[in-house]
Number of protein chains: 2
Amino acid sequence: MNSNSREAILAAAKRAAQAHGYSGLNFRELAQTVGIKSASIYYHFPSKADLGAAVAKRYWEDTAAVLQDMLAETPDPLRCLRQYPDIFRRSLESENRLCLCSFMSAEYQDLPETVKKEVQTFADVNVAWLSRVLAAAATIGAGESEKRARAIFAAVAGAQLIARSRADIALYDEIIDSYRVAGLLTA
Amino acid sequence: MNSNSREAILAAAKRAAQAHGYSGLNFRELAQTVGIKSASIYYHFPSKADLGAAVAKRYWEDTAAVLQDMLAETPDPLRCLRQYPDIFRRSLESENRLCLCSFMSAEYQDLPETVKKEVQTFADVNVAWLSRVLAAAATIGAGESEKRARAIFAAVAGAQLIARSRADIALYDEIIDSYRVAGLLTA
DNA sequence: ACCTGAACACCGTTCAAGT
DNA sequence: ACCTGAACACCGTTCAAGT
């Protein structure tokens, strides 16, 4: 294969990890998807930990880009907030996949340090964005936006997790709607 | 070992699965904890799937008992609601463990059917209890209690997941508190 | 530079054999 | 009834060797 193997591995690993977690990453299967031998993966990533960290890093970078685009296209903070759960919905639409970092949060105790770090950054990116949007919306007290941001992030991740366990997107929509009714999403 | 091996295996497997998931259940390690050889586990549980299902079943049975006791000791529905998140808090207190069924929800795609069934029952037990307490509290519209129950269950599971990923119980408390402030827990 | 075959230790599982 | 040793196929990983 050519030097694009690295990108192909990253893409395949991302999809696999969203379905089976870090521990479920299977080098032989991954290699087969990419079209190389499992030993060849180690040329691009020195260890499973390195691959995991690279995948998680790419994951939050991609999410950060999506969030930035959303804010650029939809300057109205309230409408932005409304769209936030769509990001997690898209994973479920894609063969009932989970947020990579939710899966890795479950696997926390068995994660290499470098991977843990990227998982935390994913959370930080989401909370920072939500916090900023909440502050702009000014629907809750100043100084409360970061705390509320963490709550929204956790709640949306939980909704995705529970909906996945029944392979039921309608359940996800219902839970998100219920958050809105209760006032958690301040919409 | 004596015939209590079965119980010892169940107990050890429960703790291990809360930390490492179903896929992380390791028969050799499990056997060592119990004091028998890994092959002996198969005398009590014909397969890993059977062990997993038995563990998940016991898990929701225990939770159902705890919930029932709570309602018996604290007939006031509002106070009951207030105590609900303590159940998930206790897992975090116990070496940062996750709800077994949250972990298994993440692992959903790789779970044997018999295990999936028990995971769903865990969710059902929680939602039914919350729904009943919410209806008794009568703080939200009639007919809305089941929907709200699902939202609370998902949100609390999410809070536990996120707090685990930082090994930070204070974060759990903060998110739960934020749910209360927002009005999700109707307290 | 990029890839591979062969080998290692490890795991779920089976099964015949022990007491 | 309850447990074990030995064996099987499989997986993450390594590494010397290929082109």
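Letters go in sequence order (proteins before strands), and every chain restarts at 1.
- Of the residues near DNA chain C, A:Lys37 and B:Asn26, the one whose nearest nucleotide (by heavy atom distance) lies more toward the 5' end is A:Lys37.
- Within the structure, a side-chain polar atom (N or O) of A:His44 is placed less than 4.0 Å from OP1 or OP2 of C:dC3.
- Between the C1' atom of C:dG5 and the CD1 atom of A:Ile36 lies a distance of 15 Å, rounded to the nearest Å.
- For the ring-ring contact (aromatic ring centres under 6.0 Å, His included) condition, no pair includes a residue of residues 145-170 of chain A, sequence neighbours left out.
- Among pairs with a residue in residues 66-79 of chain B, none fulfils salt bridge (charged side-chain N to carboxylate O under 4.0 Å, His left out), at least two apart in sequence or across chains.
- Judged as a salt bridge (charged side-chain N to carboxylate O under 4.0 Å, His left out), not a single pair has a partner in residues 21-39 of chain A (not counting sequence neighbours).
- Counting heavy-atom neighbours within 6.0 Å of A:Glu61 CD, excluding the residue itself, gives a total above 12.
- Counting non-hydrogen atoms under 4.0 angstrom, B:Leu51 reaches nothing in the nucleic acid.
- If you take CD1 of B:Ile41 and C1' of C:dC11, they are 12 Å apart, rounded to a whole angstrom.
- Note: CD (B:Gln32) to P (D:dC3) measures 16 Å, nearest angstrom.
- Distance check: A:Ser40 OG to A:Ile9 CD1 gives 8.0 Å after rounding to the nearest 0.5 Å.
- Taking only side-chain nitrogens and oxygens, B:Tyr43 never comes nearer than 4.0 Å to OP1 or OP2 of D:dC3.
- Between the CG atom of B:Asn4 and the P atom of D:dA1 there is a distance of 17 Å, rounded to whole Å.
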Below 3.5 Å, can you tabulate the donor-acceptor pairs from side chains in residues 122-138 of chain A to any protein atom, sequence neighbours excluded?
| residue | atom | partner | partner atom | Å |
| --- | --- | --- | --- | --- |
| A:Asp124 | OD1 | B:Arg166 | NH1 | 3.3 |
| A:Asp124 | OD1 | B:Arg166 | NH2 | 3.2 |
| A:Asn126 | OD1 | A:Tyr84 | OH | 2.7 |
| A:Asn126 | ND2 | A:Phe122 | O | 2.8 |
| A:Trp129 | NE1 | A:Leu67 | O | 3.0 |

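- Rounded to an integer number of Å, the gap from CG of B:Leu30 to P of C:dG12 is 9 Å.
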> Under a 3.5 Å cutoff on both atom distances, Watson-Crick or G-U, what's the dot-bracket for DNA chain D ([ ] crossing, | other strand)?
Replying inline: ||.|||||...|||||.||
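- Sorted by first then second residue, the salt bridge (charged side-chain N to carboxylate O under 4.0 Å, His left out) pairs that include residues 144-156 of chain A, not counting sequence neighbours, are A:Glu146-A:Arg150, A:Lys147-B:Asp177, A:Arg150-B:Glu174.
- Within the structure, every pair that satisfies the salt bridge (charged side-chain N to carboxylate O under 4.0 Å, His left out) test and touches residues 98-116 of chain A, not counting sequence neighbours, is listed here: A:Glu113-A:Lys116.
- Legend: ring-ring contact (aromatic ring centres under 6.0 Å, His included) pairs involving residues 4-33 of chain A, not counting sequence neighbours, sorted by first then second residue: A:Phe27-A:Tyr42.
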Nucleotide N/O of nucleotides 13-15 of chain D paired with protein N/O under 3.5 Å:
| residue | atom | partner | partner atom | Å |
| --- | --- | --- | --- | --- |
| D:dT13 | OP2 | A:Tyr42 | OH | 2.9 |
| D:dT13 | O5' | A:Tyr42 | OH | 3.0 |

